[in-house]
Amino acid sequence: MVLTWQSCYYFAFDTRPIMSTEAPALDLKKTINLPKTKFAQKANLPQTEPARLKKWADMKLYEQIQAARAGAPKFILHDGPPYANADIHLGTALNKILKDLIVKSRTMLGFDTPYVPGYDCHGLPIELHVERKLGEKKKDMPPLSIRRACREFAANALKRQTRDFQRLGIFGEWDNPYITMSDHYEAETARLFARFVERGFVYKGARPVYWCIHDQTALAEAEVEYHQHASPSVYVKFPLKSDPALIDPALAGRRVFALIWTTTPWTLPANLGIAVHPDFDYVAIESGGEVYIIAAELIDVVAARCGLAEPKVLARFPGSKLDRLEAQHPWIDRPSLFMVGEHVTLGGEADAETELDVSEAREKSATNKAGTGLVHTAPGHGHDDFVIGKKYGLEIYCPVDNAGRFTNEVEYFAGLSIFEANPKIVDFMRERGVLLFSENYDHRYPHCWRCKNPVIFRATPQWFISMDHAGNELTEKDEDDRDRSNFTSNFVGGELLDEQSLRVMSVREVDDRVKWIPAWGRDRMRNMLSGRPDWCVSRQRVWGVPIPAFYCAKCNHVIAEPNVIRHVADIFEKESADAWFKREATDLLPENFKCGECGATEFTKETDILDVWFDSGSSSIAVLEARDNLRWPADVYIEGGDQFRGWFNSSLMVGLAVHDRAPYEAVLCHGWTLDAQGKAMHKSLGNAVSPDEVIPKLGAEVLRLWCVSSNYMEDMRCSDEILQRVADGYRKLRNTARFALGNLDGFDPAQDTVSDHALLEIDQWALAELNSIVVAVREAFEAYDFHDVYQTLHQFCTVTLSARYFDIIKDRLYTFAPRNQARRSAQTALYRIADALARMMAPILVFTSDEIWENLPASSEALPVVHMAEFPKPADEDRADLLTKWAHLFGYRDAVLAKLEEARVAKTIGSSLEARVEISAGRHAYEVLNNHRDDLRYIFIVSEVELSEPHAEMDSEALEITVIRAHGQKCDRCWNYSTRVGESSKYPTVCERCVAALEEIEASDRLS
RNA sequence: CGCGGUGUAGCUCAACGGCCAGAGCACUCGAUUGAUAAUCGAGCGAUGUCGGUUCAAUUCCUUCCACCGCGACCA
């Protein structure tokens, strides 16, 4: 039987004898069941959160949760290690909170979900920071001392980050994180390098890097700064070697020159080619008896500069026509190969190598055009030259030594420093008649940040991981320490694809196996992988894992053998990678090791270290495989979009090298943090929101709520206003929970629960609504749609509960006798709602949900902390019919509320209880309303409702609503109006319902 | 410059190509004073831009603009 308000009232009224004369009248106000709870309205989060964290730490909550989930199916989120060089910022906090949301929600879905946080500790930023602190001292310090300082710095940053992450309410193995500078991790990193070598992915080659000839060191991009610098700008003639008729019959038999422009004459001895754009128009122009090839668009500019009188166009052709033809070097007996490349521009950005701001460079091009559209290409001295040179199989030729002097093979200029040589080369070319024009050219040029001297681009030996080939041989080197073997194409062109290559394998994994969330991640990753060059893994630095290679002191043979590397790794395992710097080469090599080439027993150590991306990329193997409670591969990785090229990529490479598959089943990508205007947050712009500022003001809880208040898969804005809105949202959730808790005072679930079928229909409806959001929330958590979770919960609290359900049941909760079955019915629903809300909120509002949990009447499960519980389970029964019916009722209610508002504006009523509502309804509407005839006054929160039969002509769903003042008197106790106020002599100021309730209360008091 | 993403109300989000673009918060007004530094109701308020496809576009295509990330910026 479904109870109604009326039946409960009569039930009470009929079975309790009236004994109005026996006892003195009760204080009416005290008979109202007002909400009562220890769950404070004001959260005081900044104060209460740390106390709760301490409680959890003391009880070893994380360990308890893990123990409780032992044996359950595992779910592994693998943590991408944040870089341990600074305190956390909003982006780091977002990242970690999202991970925590995944871990907590999977835990509550029943999975065993361990979380091992990690820290990325090696690398340039830390080394630079330490260098800056050390200042001049650094120069005299041995690598070991610098490494010690770096280690201390990273350890300190890591400690501070850990403290801040814990403050955010993130659960995990904080006492046992993975640290890339730990002995084990360093050893494992070296072992993984051995694995790459074993599979033939590693080769040693040359690549142009910034090089300071004063300090004789390679520089990272971060170490160069830009200053004005005057360079000689020269226009140089390259005689065409191929038959000019191949370009155009009109040129048959003519003496033709390709005209190039450069601001670095010293790179001309290394010239091996000329690049043109395949789609630009080029022309052969005749002037003074000679023919020059230049870009069509630049005829006027070049002619003016070079003093070419009356240029006459002999032929016009696209750049692609020149592809693979040859010119002759202007003074060396060597061909210069024509190549086509998209990087060629029509001048003006000549100094763009030094520009960080592209728009600035573009503007310059309008006013300061220079160039010929033909690009002098020296693969050993420029990045693009290097790339296109590789493509065309050119040597990475760099006849310049560490001190910036030409090597012996450079005729005329050997031994000269390149800056001294510049003017000499210009004069030399003028004498030879190959120079058309020269001038001084002011432009921004990279300089060494330390010694302030101009730097050069110079190819130096580097270690690479090949993207396109497996089974590579380590490179042989010639007497000048140059790479001679890797001159073949390593570009994807459709042909020559090696099925075992990292590129092919990685694209296959990205396409076929990994799930990308959002879906565009797949395209982005594929694009990145198919276009990227070989991975340069060497760095000329000290703070990292050394590349465990040796060189024979006698024959210079490279020793990078898997067994030798593993031998070194075993030493790292015990002594950390510092051993590389502490020990002599022979102490690092296996006993009695001899050079495989010449049998010598003296060796030198490689001085380069591994790229930090290699470190962090190693984590899936070094951590997931190494720890008993984890497993490889991970179910999910989640990082910001910058990690496609970073950790997602390097982890994939390592996974492929070790197991031929991706280390993750799914990859989620979260957005960047922006300010209120949608600008990226930067400390230097002063628009960054810091967790350090938010937490003392609003609490970590509000920051966590911010993470789900918006869609993390896109960029996330944050500002004071946004946080204020989030805090408002928080208060709504909190107050909703508080109302439920307050009305559960005196409710014992074990004793007082009303069985499902006996619940009032509206209470059944509320639970059906609850069930539908339980389903929605579980699904949203499973799909990582945390934003949906929040929206769903918030909507439920504001609309379903606060504006409707709670408002309606207040009368019953407050005015009915405490133990009345109708009141117990509402409490049963409230209890289940509060319990479910606490569970569903738990991953997000980690503190508040537990506070709700604590203030809930004891549950049968009796778990001390909500985080040990699971999400509510969806009900078996489908109540779609009930939901539909009540959707209609609430539609009618909205119509009534609108009429009440009109009456309020007209001053007919104030409180809605002052109203009597008269309704004529169409056929269907009448049917629905009539079924709840006696409940309508409570649903509408008015004192009286009169429902009349439908007119025949009315639309089936139509309502005619009239609002007038309620009849009778206002009841002193329940504030409803009734014509029967005064009937009781004992309680002359109350209505018939309250008389019954008071009788019930008195009877109950006597019994207890 | 290349690749990718985003653009709906002051804020955070909705809308199988289809009813008058829908919520919550904020703001204004009103009610209540028994969720009270609360609660209830009402009002206000929006598709970045130029075109196109379509009977119909927030949705599909295109131009431009703005913003975000990654990469490139060479002689």
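Every chain is numbered from 1 and lettered A, B, ... according to where its sequence line falls, protein lines coming before strand lines. The model shown is predicted, which means the values in this text are computed figures rather than measured ones.
- At the heavy-atom level, A:N735 lies under 4.0 Å from base atoms of the strands shown.
- Checking B:A31, B:G4, B:U32 against every side-chain atom of A:E914, the shortest atom distance belongs to B:U32.
- Within 6.0 Å of atom CG in A:D720, 12 or fewer heavy atoms from other residues, nucleotides or ligands are found, so the atom counts as exposed in its surroundings.
- For A:W520, no side-chain nitrogen or oxygen approaches OP1 or OP2 of B:G5 to under 4.0 Å.
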Contacts under 3.5 Å, N or O only, protein and nucleotides 65-67 of chain B:
{"from": "B:C67", "atom 1": "OP1", "to": "A:K679", "atom 2": "NZ", "distance (Å)": "3.4"}
{"from": "B:C67", "atom 1": "O2'", "to": "A:G678", "atom 2": "O", "distance (Å)": "2.3"}

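- Residue contacts for A:N743: at a heavy-atom cut-off of 4.0 Å it reaches no nucleic acid atom on any strand shown.
- Side-chain nitrogen and oxygen atoms of A:Q724 include none within less than 4.0 Å of the OP1 or OP2 phosphate oxygen of B:A26.
- Within the structure, every side-chain polar atom (N or O) of A:R524 is placed at least 4.0 Å from both OP1 and OP2 of B:G2.
- Proximity of A:Y814 to the phosphate of B:A35: a side-chain N or O atom is located under 4.0 Å from OP1 or OP2.
- Residues from residues 726-734 of chain A with heavy atoms under 4.0 angstrom of RNA chain B, sorted by number: A:D728, A:K732.
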>> Protein within reach of the bases, or only the backbone? For nucleotides 41-47 of chain B, mark each nucleotide 5' to 3' as B, S or -, using heavy atoms under 4.0 Å.
In response: BS-----
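- Between A:W261 and A:Y235, the ring planes are tilted. Angles from 30° to 60° get that label.
- B:G2: Watson-Crick or G-U partner is B:C70, with both key distances under 3.5 Å.
- Of the C1' atoms belonging to B:U6 and B:G43, the separation is 32 Å, rounded to the nearest Å.
- Counting to the nearest Å, the P atom of B:U32 and the CG atom of A:D811 are 18 Å from each other.
- For B:U63, there is no paired base (Watson-Crick or G-U wobble, both distances below 3.5 Å).
- For the pair A:W975 and B:G34, the ring geometry qualifies as stacking, because the centroid separation is below 5.5 Å while the planes lie within an angle under 30°.
- Counting non-hydrogen atoms under 4.0 angstrom, A:H787 reaches the backbone sugars and phosphates but no base.
- Each of A:Y397, A:W266, A:Y210, A:W211 was evaluated against A:H381; a single residue qualifies, A:W266, per the ring pair (Phe, Tyr, Trp, His ring centres under 6.0 Å) test.
- Here the nucleotide nearest the side chain of A:L34, chosen from B:A23, B:G34, B:C70, is B:G34.
- Nucleotides of RNA chain B nearest to A:K42 and A:S802 differ in position, and the one nearer the 5' end is that of A:K42.
- The aromatic rings of A:F644 and A:W520 are tilted relative to each other, their planes meeting at an angle between 30° and 60°.
- For the pair A:R823 and A:F747, the cation-pi criterion (under 6.0 Å, within 45° of the ring axis) is not fulfilled.
- When each of A:G910 and A:L801 is assigned the nucleotide of RNA chain B with its nearest heavy atom, A:G910 is the one assigned upstream, toward the 5' end.
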